[in-house]
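Heads up: the structure comes next, in structure tokens.
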Amino acid sequence: RNCFSLNMIPFVVIGASRRFLAQITRHQVGISFMSTSLQYCAWKDPTFYGDEDPDVKEAYDLQMKIYAMALEANNSDIAGYFAPEGLQGALIISATPWEWRHIIQLRTCKRNTPETIEIINMIKDVLVQYSKVFDTGPGCTEEGCKEVMKCRGKNQPQSVSIQKSNI
């Protein structure tokens with residue numbers, strides 16, 4: 001058990017959006033992150049999550065024009081505020097096995113973005129080859145959903161009706 005508590009398992013994620021980065025970095029215990037910088041990168045020909053849709057691509061292009069204008073004004077710090085959330089970069093995530101298990105349980109729930117679910121499932125597919133500890137899914141599959149805003153997914157067990165007593 002101590003080996004699982006103390007060791008860190010690193011993953012390099014290439015092509016993760018800033019939105020994924022914002023979501024995954026909510027984890028704080030037994031985990032560390034290193035990602036591409038907005039301030040020290042000049043995105044010339046970026047890729048975006050979900051840009052297969054022409055309307056989404058058009059919106060990204062417009063945002064990147066504003067980003068480029070800020071860069072031209074020699075202000076890379078301000079330019080970062082205009083970079084779209086879908087902008088893809090690279091991220092190194094290093095976490096303890098127990099934190100990876102927790103992330104798998106939390107981030108494969110349908111309440112997460114499709115990108116987050118996809119990335120975490122890819123990580124899970126690698127980890128499960130080494131230990132059954134990682135063969136898990138959203139908490140609702142085992143204990144029922146405990147979230148206030150339910151996903152109404154197919155993994156959610158039937159709701160239980162509680163009657164008021166006349167005490």
Side-chain angles (χ1 to χ4, degrees), residues 1-57 59-60 63-64 80 83-160:
R1 183 163 167 106
N2 282 342
C3 289
F4 262 59
S5 300
L6 301 174
N7 288 323
M8 301 290 273
I9 302 171
F11 276 89
V12 176
V13 181
I14 298 172
S17 73
R18 295 180 57 224
R19 187 167 183 199
F20 171 78
L21 179 67
Q23 194 170 24
I24 199 67
T25 55
R26 298 309 94 215
H27 296 271
Q28 298 292 312
V29 178
I31 193 166
S32 63
F33 305 94
M34 186 184 317
S35 71
T36 49
S37 169
L38 278 175
Q39 187 164 347
Y40 299 109
C41 289
W43 303 95
K44 298 293 183 196
D45 191 21
T47 56
F48 303 95
Y49 183 81
D51 67 356
E52 303 85 21
D53 180 331
D55 293 333
V56 172
K57 177 78 170 116
Y60 282 144
Q63 265 188 286
M64 288 309 290
E85 287 292 303
L87 184 64
Q88 293 177 315
L91 171 68
I92 299 172
I93 308 170
S94 187
T96 65
W98 292 122
E99 185 61 16
W100 277 122
R101 180 179 166 82
H102 173 70
I103 289 169
I104 292 167
Q105 290 174 327
L106 204 62
R107 300 299 177 185
T108 56
C109 170
K110 290 182 181 177
R111 294 178 69 242
N112 291 276
T113 65
E115 177 192 24
T116 296
I117 295 168
E118 181 182 345
I119 291 170
I120 299 305
N121 275 326
M122 286 191 288
I123 291 170
K124 174 187 171 180
D125 289 345
V126 172
L127 291 172
V128 86
Q129 297 174 43
Y130 298 100
S131 176
K132 296 258 187 236
V133 165
F134 305 110
D135 193 13
T136 188
C140 64
T141 59
E142 296 172 12
E143 303 164 2
C145 185
K146 295 184 181 354
E147 299 294 332
V148 174
M149 294 182 66
K150 310 239 183 282
C151 69
R152 294 181 173 81
K154 64 181 179 182
N155 293 333
Q156 191 172 329
Q158 295 288 348
S159 60
V160 177

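Distance check, rounded to the nearest 0.5 Å: CD of Glu99 to CD1 of Ile104 gives 10.5 Å. A distance of 4.0 Å separates CD1 in Ile24 from CD1 in Ile120, rounded to the nearest 0.5 Å. Taken to the nearest 0.5 Å, the OG atom of Ser131 stands 8.5 Å off from the CD1 atom of Ile9. The distance from the CD1 atom of Ile93 to the OG1 atom of Thr25 is 9.5 Å, given to the nearest 0.5 Å. Here the CD atom belonging to Glu52 is positioned 10.5 Å from the NZ atom belonging to Lys57, to the nearest 0.5 angstrom. For the atom pair Thr113 OG1 and Arg19 CZ, the distance stands at 5.5 Å (nearest 0.5 Å).
Counting non-hydrogen atoms of other residues, nucleotides and ligands closer than 6.0 Å to CE of Met122 gives a total above 12.
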Trace of the side-chain contact (heavy atoms from CB on, under 4.5 Å) decision for Met34 with Leu91: CA-CA 6 Å; Met34 186 184 317; Leu91 171 68; over 6 Å; no
Check against side-chain contact (heavy atoms from CB on, under 4.5 Å), Ile103 and Ile31: CA-CA 10 Å; Ile103 289 169; Ile31 193 166; 3.5 Å; yes
CA sep, side-chain torsions, deciding dist, call: Thr136, Thr108, side-chain contact (heavy atoms from CB on, under 4.5 Å): CA-CA 9 Å; Thr136 188; Thr108 56; over 6 Å; no
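Two residues are said to be in side-chain contact when any heavy atoms from C-beta on lie closer than 4.5 Å; His27 and Leu106 meet this criterion. With a 4.5 Å cut-off on side-chain heavy atoms, Val133 and Trp98 count as touching.
Partners of Phe11 under the ring pair (Phe, Tyr, Trp, His ring centres under 6.0 Å) rule, at least two apart in sequence or in another chain, are Trp100. Scanning for side-chain hydrogen bond (donor to acceptor under 3.5 Å, both in side chains) contacts around Glu115 gives Ser17, with sequence neighbours left out. Remark: Asp53 pairs with Asp55, Val56 by the side-chain contact (heavy atoms from CB on, under 4.5 Å) rule, at least two apart or across chains. With sequence neighbours excluded, no residue forms a ring pair (Phe, Tyr, Trp, His ring centres under 6.0 Å) with Tyr49. Applying the side-chain hydrogen bond (donor to acceptor under 3.5 Å, both in side chains) rule to Asn112 yields the partners Gln23, Arg107; only residues at least two apart in sequence or on another chain are considered. Among residues two or more places apart in sequence or in another chain, the ring pair (Phe, Tyr, Trp, His ring centres under 6.0 Å) test is passed with Phe20 by none.
Closest approach of Arg26 to Ala22, counting heavy atoms only: NE-O, 2.8 Å. Here the closest heavy-atom approach between residue Phe134 and residue Leu127 is recorded as CD1-O, 3.4 Å. Listed here is the closest heavy atom pair of Ala83 and Arg18: O-NH1, 2.5 Å. For Tyr130 against Val126, the heavy-atom pair with the smallest separation is CD1-O, 3.3 Å. Closest of all the heavy-atom pairs between Gln63 and Pro84 is OE1-CB, 3.4 Å. Between Cys109 and Ile117, the shortest heavy-atom contact is O-CD1, 3.3 Å.
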